[in-house]
Amino acid sequence: SGGEGKAAAAANNASGPIAIITPSPANVFFKSESDAAAARAKELGFEPLVLSHDDDAAKQDQLVDLAISRGAKAIVLDNAGADASVAAVRKAKNAGIPTFLIDREINATGVATAQIVSNNYQCATLGAQEFVRLMGEKGKYVELVGKESDTNAQVRSQAYNEVLGQYPKLVQVAKQSANWSQTEAFEKMETLLQAHPDITGVISGNDTMAKGAAAALKAAGKDIVVVGLDGSPEAIDAIKTGEMDATVLQPAVQMARSAVDQAQSYIKSGKTDHPEKQALDCELVTKDNASQFGVFARK
Amino acid sequence: MSSSVQATGEGRAIAAPARPRVSLEVLLLRLRAYIALIVLAVLFAVLSPSFLTTGNLIILTKQVAINAILGIGMTFVILGGGIDLSVGSIVGLCGMVAGWLISDGLVLPMFGIAVFFKVWIVMLLTALVGVGVGVVNGLLVTRFAVTPFIATLGTLYVARGAALLLSGGATFPNLVGHPSLKNTGFPTLGAGSALGLPYPIWVMVVLAAVSAFVARKTPFGRQVYAIGGNEKAAALAGVRVARVKLLTYVISGFCAAVVGLIITSQLVAAHPATGGSFELNAIAVVVLGGTSLTGGRGTIGGTIIGAFVIGVLFNGMVLLGVSEFWQTVIKGAVIVVAVIVDQLQQRMQQAALAKSPT
Amino acid sequence: MSSSVQATGEGRAIAAPARPRVSLEVLLLRLRAYIALIVLAVLFAVLSPSFLTTGNLIILTKQVAINAILGIGMTFVILGGGIDLSVGSIVGLCGMVAGWLISDGLVLPMFGIAVFFKVWIVMLLTALVGVGVGVVNGLLVTRFAVTPFIATLGTLYVARGAALLLSGGATFPNLVGHPSLKNTGFPTLGAGSALGLPYPIWVMVVLAAVSAFVARKTPFGRQVYAIGGNEKAAALAGVRVARVKLLTYVISGFCAAVVGLIITSQLVAAHPATGGSFELNAIAVVVLGGTSLTGGRGTIGGTIIGAFVIGVLFNGMVLLGVSEFWQTVIKGAVIVVAVIVDQLQQRMQQAALAKSPT
Amino acid sequence: MPPSNRPAKSLEPLLRAEGVTKRYPGTLALDGVDFNIYPGAVNVLIGENGAGKSTLMKILAGVEQPSGGRLMLHGRAVELESPRDALRQGIAIIYQELNLFPNLSVAENVFMARERTSAVGTVRHAEQEEVVRSLMARLEQDIHPATLVEDLRIGQQQLVEIARALAQDVSVLIMDEPTSALSTAEAEILLRLVEDLTAHGVAVIYISHKLDECLRIGDHFTVLRDGKLVAEAPADQVTLDWIVETMAGRSQAELFPRSNHAVGAPLLEVHDLTLPRAHGDGFLVDRVSFTLRAGEIVGVYGLMGAGRTELLECLFGMQPFASGTVRIAGFELRDESIAERIQSGLAFVTEDRQKLGLVQSMSVAENITLASLRLMRRGPVLSRPKERERVGAMIQSLAIKTSRPDQPVTSLSGGNQQKVVIARSLLTAPKVLLMDEPTRGIDIGAKADVFRIMCDLARDGVAVLFVSSELKEVVAMADRALVMARGRITADLPREHITESALAAAAVAGIDAVPSPVHAHV
Ligand SMILES: Nc1ncnc2c1ncn2[C@@H]1O[C@H](COP(=O)(O)OP(=O)(O)OP(=O)(O)O)[C@@H](O)[C@H]1O
Ligand SMILES: Nc1ncnc2c1ncn2[C@@H]1O[C@H](COP(=O)(O)OP(=O)(O)OP(=O)(O)O)[C@@H](O)[C@H]1O
Ligand SMILES: [Mg+2]
Ligand SMILES: [Mg+2]
C-alpha cells in the first residue's frame, strides 16, 4: 500500500511547499495575485507558503532565506525592486530553488527561471494613449505619480510622459507624488485644483490614487478626465459610474496562475517550455467594455 | 503674630512690581506659537498667487482639520504625561468599520441576517469603536502599568491588523448607501458645508472650543495638568489618576474615530491602510503648538496653531510644485526649526524678565 | 556615643540584606526578559518541525542581528533619557551613501573626476555619515534643547529625504564594485561567514559585548545611567551632561550606519526606502528587553533578548504561514503582553522588596 | 561647648561674596549681599524662608550666576561658571533638596563624575565600594555601598549626599539644611563630623532652621532677611534671642502658642493597625491602636525609621497591605480611595514635599486648590473668583510669601512651598489632619505660623496628629504624645508627662534597653 501511496504521489508528482511572496495584500491587486497563486498551488497539490514583503527589499531577503530553509520547491515572487531583488533571487537559484517572477521584472536575466510580467511600459502607454484621446489631444492636466522610489512608479511616469510629450497642446501643469495613497491623492488633488482650476484631465500612476483624485474632483463639482492603471474592481466600478474614464487592467490572476503552472512543469521536467521573459499585455478598460472584466481578469 | 504678617507684608512689597510683567510674559508666550505660522504664510503668499485665495484657504483649513482633530485628542494624552501612537491605526480601523456597516451592514450569522443602520447610528457605532480602543489603551496604561509608548504601539499594530482583517485587505468602495436600506447620506460629512465652510472645519471648530473649555475650566482639565506635572502628588491630593488618564486616551480614541469618519466620507470609500503614520503628524502638531512632551504644560489653542503650521507648509509646497523628496526634507527641517525658535524665545523671555529691574 | 552606634546598629540589622537583595533583583530582571523568549521558542518548536533546524536558527539569528544592532544604539539613547526615531532613516541614508560611493564614487566636479575608494574606506565613510546624523541629533537635543522625540522626528524626515535625493529615488544596483577600481568585495559583509556563522551575527556579537562592557564598566556608561536617573542631579554632580547625551546619539547613529551597510551588502543594492519604520522595531526590542523608556534602567543583554523575541516571533509565524494581517495583530499583542508580564513580575518583585514609598 | 577647643580661626575670609545680587522674574532674591566665609570655622547663615540663603549658596556653588556683584576666593575674583568650576576650586555643596540617582548604588552616587578608574579607563567598583564603606563607618551608618539609593529612606539618602561631599577634598563645604531630614541621632553624628572638618581647616557654611544646632557649632553668624544682609557677628556675641530678633523681628516667646480648649468626641479611632514588611520579617506598623479626639493635638515622636510615616500612610489609604480598623467620626474606613478618605474628612501633609507634595509645573494657586476642586466649581465649571477668594484667604492666614497666586510654585522658597502643601490640605476642611514632619526645613516664623494654625484648627474641633523628630516641638505642642519604635507604640503620654527624656527613652524602648542617643548629649 505504501508503494501505491508513493505511486499516487508520483502520479500527482507535485508536493512540498511553494513560497508565494508579494507586496502587502492590503492592496487588492497583490491580494488577488497571491490568492490566485495560492489557489492554483493547492489545486496542483503544493503546500502554498504565502508571504508578504511590504515592498521592503530587506524583508524580502529574509523571506527568501526562510523559503530556502523551509525547503520550498519553488518561489513565486512579485519582487520589491528591480535592482534590490536580484541578490535575493540569485541566492534562491544558488540554493537550487527556481524563482518565478510575476508582475514586476528584475534588472537581470538568467537568474530567475521565468519573469512573467505585465509590461508596465506597455500598460502605461495604453493608458496614456486613451488619455490623449479622451482629452482631445489638448488641455492642461495633472499627473499623480506613485511612490517615487518604486521602479513601477518611475516606469509608468516615463511612459506617460513619452506619449503625452508628443502632443504640444497637452500641457502638464503639475506632477506630484501621492505615494500610491488614496488619502494623499485626495488632499493633493484638492490643493492642486486651487492652483490650476482650469485642468481638464488627471492621469494617475495607479487606480488607488485615481480614485482619491476622482473623489476630490467630485467634491469640487468638477467632471474631468481621470485615467488610472491596474484595473482594480473599484476602478472598474468607478468607470461604470463615470467617476473615472479609463484604466488599464493588468492580468494579475493570469500571471499568478501561469507562474504556478510553469513552476510545476519545471519541477517535473526541469523546463518550462517558455522563454524567461514573458510579457502579458494589459487591456484597456473603458465605459464601453467595463462590464466584461472581473477581479484582475476578464470574466 | 502681627510681626509675621509684617514680614510677609514686606515680601509682597518686594514682589509687587511683578504684576505688569505678567501680562507681557503671557503675551510673549502666546506670540511664540504664531511665529512659524506667520513666517510660512507670508512666504507662500509671496511665492504663490493662488495661496491667499478664499478657495485655497478653505481647502487648507479643511485639510488642517484632520491633524487638528487628532492633535486635540493627543494634547489631552500628552498633557496627562502619556502619548498615543495608535491614533493612525484607529483612523484606519474606524474608517473600515463605518465602511463595513454601510456596505455589508452588521451581520448576525445566528439569524442569518444583516442589520443596516441609519448613517448617524453608523457614525455613533464607529465613534464607539474609537472610544473602545481608547479604553483599551487607558486600561493598559493605568491598570496594567504599561508605558504609554508601548501600550499604544501595541494597539497601533493590533488595530491596523483588525482593519485589514475586517475586509481581508479589500476596500469598501462607493459608500453612498442605498435608499432601500435607509442608509444614504454618508458622503455629506466630508463633502457638505454650511455657511460656505465644509463640515470638517465646523467639526474642528466645535471640538477645539469644547476641549479648550474642558482643559481650562473644568476640574477634569485641571487634573490632567496636575497628573502630567506630578502624578504622585496628584494622587495624594485625591485626584483619581487612573480614571482621569484613561479618559484622556478615550478622548484621543474618539477624536481619531471622528477623523476616520471624515476621511472615509470624503473618499466615499474605506481603505484599510488609511491613517498610516498619522500619529507622527499629530504629535508634531501638538509639540509645534508648544505643548511639552513631558506633560503638564500646553494648550489646545497651541495645538490648533501647530496644525495650521503643518497644513500651510503642506499646502504651500504642493502649490509651488515642490518635489516629494524636498517636501520630506523641508517638513523635517521646519518641525525642528520651529521648536528651536520656540526654545530660544522661551530663554530670551526668561532672560528679559530676570534683567528688567524690580 | 556608643549608644548611638548601637541605635544605628539596629538599622544595620535591617539594612544588611542589601547586597543579596540587589543580585536577586538583577536575577529577576534577567529572567523576566527571557520568559517571553522561552515561551515563544517552545511554542514554535512544537508547532513547526523546521523551526529548530540549524539552518533556520542561523537565519533567524542573522535576521535578529539587524534589530539587535539598532537596539544596542537605541539602548544607550533611552538609558540616557532620550529616544531616537531617526535610526530607520539613517539606515536608508547610509545604505544609499555606500551604494553611491561604490557605483559612482565621490564626484569632485571642480576636477571633473570621481574618486573610488577601497570597500573598507567606503564603510568607514558611511559610518561617518551615521555618526554625523547622530551628532546633529545630539546637538539639537543638548545645544538647542529640542525634545529628543521631536529632534529625531525631524532628522527622520530630513535623512529620508536626503536618501531619496541622493539618487533621485532610484536604486544603486549591483554593488559588486569593479576590479579596475579596486572596490570589489562589498557583498562579503552580508553574504560571507566565518566558523559557519554569517558575518552579521559576528558584528552583533562584537557590538553587544563591547557595549555591555561600556555600559557597565566605564564612567561614560555609569554617567549615561545617572543622566537617565536624574539629569539635574547629574549636572550638579559635574557630569558633562551635554557631551554624554550627544555621545549616546552618536552611538545610535553609528549602529544604524552599520545596519545600513549590512542590509545594502546583503541586497548588493541600495534602495532609498530601506529602513522605513525600523525605529519602532528598535524601540520595541529595547523595551521588551526590560529597559525603561523613562531612562536610567536597563541592560544591553536585555535588548539582545528583546531582539530575539521579535525575531523568533517573525520567523515562527512565517514558518507557520500565519497571514500577514494576523502577523500584524499578533506582533502588537506580543509586545504588550510581554511588557505586562514584565510589569507583573516587577510588581511581585517590588511587593517582595517593598519599602515605604517615601 | 567652650569656644576654647575650637581651632583658632584666621581673620582672613577664605571666600567672600561682594555685593552679590540675584534677580528672578518677580523677585529680588539677593540684594547686594556681602558674605564672608572663614577657613577652619563653621560659618552659619540664617534667615527666614525666602531670605535668599539657598540662592546665595547656589551662586557660591556655581549653579546660579549672580545678576550683580562678584566672588573673591583667596582675595582674587573668581567666576564660577558651573558646579564643575566650583568643585575645581574646592567648593562643594550639599543641597537643600536631595540630588541623587535613585537607580544607582550608593557607591556610584558618591563617585558620580569622579569615578575611580583603572589604566584602561574602567570603573574600579570594588575600590569605590571600599572607600564608601569607610565613609559610611565615619557617618556611623550601616548602609551597604551596593544598595540602590531608591531603597534608602530620606534620612539615609541625606547621609549619602553628605558622604558624597566628604569623598572629595574640599576647602569650602556648604551644607544647606543638612539635618532637616535627619533623626536626632543622625544629626548628632553630622554635627561631630562638622567640628572634625573645621578642625582640619575646612570652611563650613552651615544653614539650618534648627537654631540650637547653629548655636552649638557656629563660629560666625550671618543673618539674611528678604535678600539683604541684616547682621553679622562672631559666636560669642550671639544668643538665641538675638538671632530671632534680627532675622524676623519676633521674640521666641511667640513660637509655641498654646490654647487650652475642651477636648471633644473621638474623631479618629485606630484599632490593631498593622502593616507587615512585605518580605515577611516583622512589621513596619505593628498592632497600633489609639484614639484621637476633636480638638486634640497629638504628637508622634520616634527615631527615623520608627514607622511613623507608614502609620500615616496606612491611615490615608496609601498602603494596600495594611490591616486593622480605622474609624473617622464613627464611620469605618475599609478600602476607600484616597479621594474618598479626603471627603470623609481626612487630610495628610507629606514629609516629602518635592516628590509627593507639589505639582511643580503648576502655579501656587493651582497647587492650593488641587485637592478641593469640587468646592471651586460653579456647576461643572471651575470658578476663577471662588478660587481667587479661597486662595487669597489661605495665602493670608498661612502668610505664604509669594508675589502673586499664579506664580510658579517652584519659584517659592522651601518653607513657603511647605506652606502651600499645608494650605492644600486645609482647604479640604478636614476633621482629622495628619502632618508628617510639618516643620521640616522651615524657619521660625513659618513654624510659628504652622503651630498657630494647628492650635486654631484644634480650637475649631479638628483633631491634629503630627509626626515630629524634634523633641522640643512635641513637648511644646502636643496635648498627648505617642512614641513609636520599630512600628510599635511604646508610650502614650498625657500632657503632663511629656518630657524630652520620657520621649527619648520610649523612642528606643523597642530597641533593646540602651539609653537614648539624645541622652548622650542633653
Ligand atoms: N528659580 C526661581 N525663580 C524665581 N524666584 C526664585 C527662584 N528661586 C528662588 N526664588 C526666590 O528667591 C527668594 C529666596 O529663595 P531661597 O530658596 O534662597 O530662600 P531660602 O532662604 O533658601 O528659604 P528656605 O529657608 O525656605 O530654603 C525666594 O523669595 C524665592 O521665591
Ligand atoms: N536602616 C534601615 N534600613 C531599612 N529599613 C529601615 C531602616 N531603619 C528603619 N527601617 C524601616 O523603614 C520603615 C520606614 O522608615 P521611615 O523613615 O518612613 O519611618 P518614620 O518613622 O516615618 O521615619 P521618618 O518619618 O523620620 O522618615 C520603618 O518602619 C523601619 O522599620
Ligand atoms: Mg533654602
Ligand atoms: Mg517619615
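As a basis for the values below, the full set of heavy atoms in this structure was taken, side chains included, without hydrogen atoms, waters or symmetry mates. Order of the sequence lines sets the chain letters (A, B, ...), proteins ahead of strands, with each chain counted from 1.
Your options are C:S292, C:G168, C:P272, and the one with the most heavy-atom pairs under 4.5 Å with chain B is C:G168. For chain B, the option among C:L156, C:V158, C:L165, C:V146 with the highest count of heavy-atom pairs below 4.5 Å is C:L165. Considering only heavy-atom pairs separated by less than 4.5 Å from chain B, the leading option among C:F149, C:F144, C:F325 is C:F325.
C:I335 and B:I150 make their closest contact through CG2-CG2, 3.6 Å (heavy atoms, listed as atom of the first residue, atom of the second, distance). Minimum interatomic distance between C:Y157 and B:N281 (heavy atoms only, all atoms of both residues): OH-OD1, 4.1 Å.
For the pair B:I283/C:L153, no side-chain contact is recorded, criterion being any heavy-atom separation below 4.5 Å from C-beta on. Between C:V336 and B:T155, every side-chain heavy-atom pair lies at or beyond the 4.5 Å cut-off.
Looking at B:L140, only its side chain comes within 4.5 Å of chain C, counting heavy atoms on both sides. The part of C:I83 that comes within reach of chain B is its side chain, from C-beta onward, which places non-hydrogen atoms under 4.5 angstrom from that chain. Only the backbone of C:A162 comes within less than 4.5 Å of a heavy atom of chain B; no side-chain atom from C-beta onward does.
Atom CG of C:L164 is separated from atom CH2 of B:W326 by 11.5 Å, given to the nearest 0.5 angstrom.
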